Amino acid sequence: MDMLTFSLDQESSIPLYEQLYKHIRDAIVDDTLKTGTKLPSKRKLSQFLDVSQTTVEFAYAQLLAEGYIESIPRKGFYVLPQEELYVRRSSSTITPIPPQKTYTYDVSPSQIDTTAFPFERWKRHVKHVVDEIHHELLALGPVQGDLELRQEIATYLYHSRGVQCSPEQIIVGSGTEQLLPQLLDLLPESSIFGIEDPGYPLTRLLFEQQGRTSIPIPIDESGVCVHELERQAIDALYVTPAHQFPTGTVLSVSRRQRLLNWALVHQTYIIEDDYDSEFRYSGKPIPSLQSMDPNERVIYISTFSKSLMPSLRIGYMVLPTTLLNRYRERHHYFTCSVPRFEQHTLSLFMSSGDFEKHLNRMRKIYRRKLEIVLASFRPFEPIVTVTGASAGLHVVLTVATDRTEQELKQSAESSGIAIKSMSDYRIIHPDEQKQLLFGFAHLSESSLPDVIDQLMYAWKVSKGGTS
């Protein structure tokens, strides 16, 4: 064939061999170089283009590797046939993500106080873990999570929540979003799940994404209505008994006992999400449902999102032994979704006592903030009453007004305050009360009274209980 005439730019930041490779590749693709065409020898082409023979060798090597040419011993390099690439233009476009609205204040219940995190203590543990002596942490670890962390979690759960379990029963994962699908995989596909109404929207979404049937079960002042389980033919229940989200109610002892008996009689399971259990401000800590269960019908699940930080993405579940064996059969080929360095950092943070110190400090901080919240809302009674203040990082505001929840929410947002209404968490069970959630965790103590005053002004509620 004729010599290949390409223009190579000696001043370009792109290496000469890469320029040559692209020129030849494009000529093959657009059929300028026909199938079966013999390419010049490396020596001749290097002389013609005034480049080193190594440059041509590298270009040919890349073409060989990608299948554009073949090398026939003692004959040379030849162009291989290329399949014609059909092009069908798609009319699909990427839907732009709408920009998030910005507010002066955000009182949604998902926030935590990030200013009080013990960065120095955490950094000390990170420094200890990220060291050459721990080169084994570069390899994959156990599917259930590293034993050191599971031992610390088991000890913590026993002392703080009364949970009876061994480290072998604990599964570590990247939060509820990753653990719940694994759990559902262990339960019969025909199961009908009961979920709280109102309840956490993500839970319902996860059930839907897994193709599972879920039925909303109403909540009253004593927690989930257990009698509805029989009436609705529920096979398993997802419940937040210690601090129901979003109402803040506590599942009464009588209902706990009835619920455990129901699970035993029907040989099914209760999924206990121990939401916000770390932060209780009045009375003794509410024992976990799992601690009351002698029959292994409760699956305990929780995270470190509120107690430490949401971005840590570490959660865990405690499986009954029957489900544990099934988990190991079905998931033994998986890998733990939490990086091992983070697991060991958290393990050291817990074993050193820093986790307990942090929790105690945060309880004091959140208790002070809650006291300010209660005192600041008191002058606006009885138009605005506060419930759900015994635990957690938010309270429920019940507003005696002719305006709808949506109107109250819009008024707050128009005043620069992002807030959630109870309707945001309801599925089908309406309530005549106008209720909104006030999250106080991430707001400073000094700003709380001003935020509440602005909220009351937006709702046209005056001190002394008039509107």
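Keep in mind the model is a prediction, meaning the values are calculated, not measured.
Distance CD/Glu177 to OG1/Thr203: 9.5 Å, rounded to 0.5 Å. Taking CD of Gln257 as the reference point, atom CE of Met292 lies at 5.0 Å (rounded to 0.5 Å). Here the CD atom belonging to Gln82 is positioned 7.0 Å from the CG atom belonging to Leu80, to the nearest 0.5 angstrom. Note that SG of Cys336 and CD1 of Ile171 are 9.0 Å apart. Values are rounded to the nearest 0.5 Å.
Taking each heavy atom of Ile417 and Val451 in turn, the nearest pair found is CD1-O, 3.8 Å. Annotation for Ser307 and Leu359: closest pair CB-CD2, 3.6 Å, computed over non-hydrogen atoms. Considering all non-hydrogen atoms of both residues, Ile219 and Pro198 come closest at CG1-O, 4.0 Å. Summarising the geometry of Pro167 relative to Gln151, their closest heavy-atom pair is CG-CG, 3.8 Å, with the distance given to 0.1 Å. What you find for Thr345 and Val126 is that their closest heavy atoms are CG2-CG2, 3.6 Å. Scanning all heavy atoms of the two residues, the minimum distance from Glu228 to Ile217 falls at CB-CG2, 3.9 Å.
Counting only distance, with no hydrogens or angles, the side chain of Arg161 and the backbone of Ile286 share a donor-acceptor pair below 3.5 Å. Side chain of Asp424 to backbone of Ser421: a donor-acceptor contact under 3.5 angstrom is found. Although no hydrogens or angles enter the test, the distance criterion places no donor-acceptor pair under 3.5 Å between the side chain of Ser291 and the main chain of Pro287. Between the side chain of Gln343 and the main chain of Val338, a donor-acceptor pair closer than 3.5 Å is present. Using a distance-only test at 3.5 Å, with no hydrogens or angles considered, no donor-acceptor pair links the side chain of Arg255 to the main chain of Val226. The main-chain N or O of Ser166 is found under 3.5 Å from a side-chain atom of Gln169 such that the two form a donor-acceptor pair. Counting only distance, with no hydrogens or angles, the side chain of Ser174 and the backbone of Ser337 share a donor-acceptor pair below 3.5 Å. Remark: side-chain polar atoms of Gln290 are paired, donor with acceptor, to backbone N or O of Gln164 under 3.5 angstrom. Side-chain atoms of Asp293 come within 3.5 Å of backbone N or O of Glu296 as a donor-acceptor pair. Panel note: side chain Glu272, backbone Pro241; no donor-acceptor pair is recorded below 3.5 Å.
Exactly one residue among Ile170, Leu324, Ile153, Thr321 makes a side chain to side chain contact (heavy atoms under 4.5 Å, CB included) with Cys165. That residue is Ile170. Screening Leu237, Thr240, Ile301, Val298 against Ile271 for a side chain to side chain contact (heavy atoms under 4.5 Å, CB included) leaves a single residue, Ile301. Residue Phe349 is tested with Trp122, Phe304, Phe119 for a ring-ring contact (aromatic ring centres under 6.0 Å, His included); the sole match is Trp122. Partner of Ile234 under the side chain to side chain contact (heavy atoms under 4.5 Å, CB included) criterion, out of Ile195, Ile215, Thr213: Ile215 alone.
For His125 and His344, the ring centers are positioned 6.0 Å apart or more. Checked against the 6.0 Å centroid threshold, Phe193 and Phe207 count as a close aromatic pair. Checked against a 6.0 Å centroid threshold, the rings of Tyr425 and Phe245 count as neighbours. In this structure, Phe377 has its ring center under 6.0 Å from that of Phe438.
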Test Arg313 against Ser305 for side chain to side chain contact (heavy atoms under 4.5 Å, CB included), laying out the working first.
-> CA-CA 7 Å; Arg313 306 309 305 145; Ser305 292; 4.0 Å; yes

Evaluation steps, side chain to side chain contact (heavy atoms under 4.5 Å, CB included), between Leu308 and Phe117 | CA-CA 8 Å; Leu308 276 177; Phe117 186 78; 3.9 Å; yes

Check the pair Gln454, Ser415 against side chain to side chain donor-acceptor pair (under 3.5 Å), reporting the backbone distance first and the verdict last.
-> CA-CA 8 Å; Gln454 288 186 39; Ser415 298; over 6 Å; no

Give the intermediate values and the outcome of side chain to side chain donor-acceptor pair (under 3.5 Å) for residues Glu356 and His159.
-> CA-CA 11 Å; Glu356 184 177 358; His159 290 290; over 6 Å; no

From CA spacing to verdict: side chain to side chain donor-acceptor pair (under 3.5 Å), Ser411, Arg403 = CA-CA 10 Å; Ser411 296; Arg403 303 169 74 187; 2.2 Å; yes

Go through the steps for Lys409 and Glu405 under the test salt bridge (charged side-chain N to carboxylate O under 4.0 Å, His left out), then give the verdict.
-> CA-CA 6 Å; Lys409 181 178 179 179; Glu405 277 186 3; over 6 Å; no

Under the side chain to side chain donor-acceptor pair (under 3.5 Å) criterion, do Gln144 and Tyr327 qualify, and how do the steps go?
-> CA-CA 10 Å; Gln144 291 183 217; Tyr327 173 88; over 6 Å; no

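A salt bridge links Asp185 with Arg330; the closest basic N to acidic carboxylate O contact falls under 4.0 Å. Remark: Arg367 does not engage Glu371 in a salt bridge, criterion side-chain N to carboxylate O under 4.0 Å. Ion pair Lys463/Glu381 not flagged as a salt bridge, since none of the NZ, NE, NH1 or NH2 atoms sits closer than 4.0 Å to an Asp/Glu carboxylate oxygen. Here Glu445 pairs with Arg368 in a salt bridge; the nearest charged N to carboxylate O distance falls below 4.0 Å.
Between Phe440 and Tyr366, the ring planes are perpendicular. Angles over 60° get that label, and only those under 30° would be called parallel. Between Phe334 and His331, the two ring planes are perpendicular [angle over 60°; tilted spans 30° to 60°].
The shortest side-chain heavy-atom distance between Leu264 and Leu260 does not fall under the 4.5 Å cut-off. With contacts defined as side-chain heavy-atom distances shorter than 4.5 Å, the pair Gln62/Tyr17 does not qualify. Contact of the Thr401 side chain with the Leu408 side chain is registered, since non-hydrogen atoms from C-beta on lie closer than 4.5 Å. The shortest distance between side-chain heavy atoms of Met350 and Tyr156 falls below 4.5 Å. Arg328 places none of its side-chain heavy atoms less than 4.5 Å from the side chain of Leu319. Proximity of Leu63 to Arg25: side-chain heavy atoms (C-beta onward) are separated by under 4.5 Å at one or more points. Residues Leu323 and Tyr269 have side chains in contact (heavy-atom distance under 4.5 Å, counting atoms from C-beta outward). Looking at Gln435 and Val399, their side chains never come closer than 4.5 Å, going by heavy atoms from C-beta outward.
Within the structure, salt bridge (charged side-chain N to carboxylate O under 4.0 Å, His left out) contacts touching residues 112-133 (residues at least two apart or in different chains) are Asp113-Lys369, Glu120-Lys123, Arg121-Asp354.
The environment of CZ in Phe58 is sparse: at most 12 heavy-atom neighbours from other residues, nucleotides or ligands sit within 6.0 Å. By the 6.0 Å contact criterion, CZ on Phe341 is enclosed, its count of non-hydrogen atoms from other residues, nucleotides or ligands being greater than 12. No more than 12 heavy atoms of other residues, nucleotides or ligands shown are found within 6.0 angstrom of CD on Gln100.
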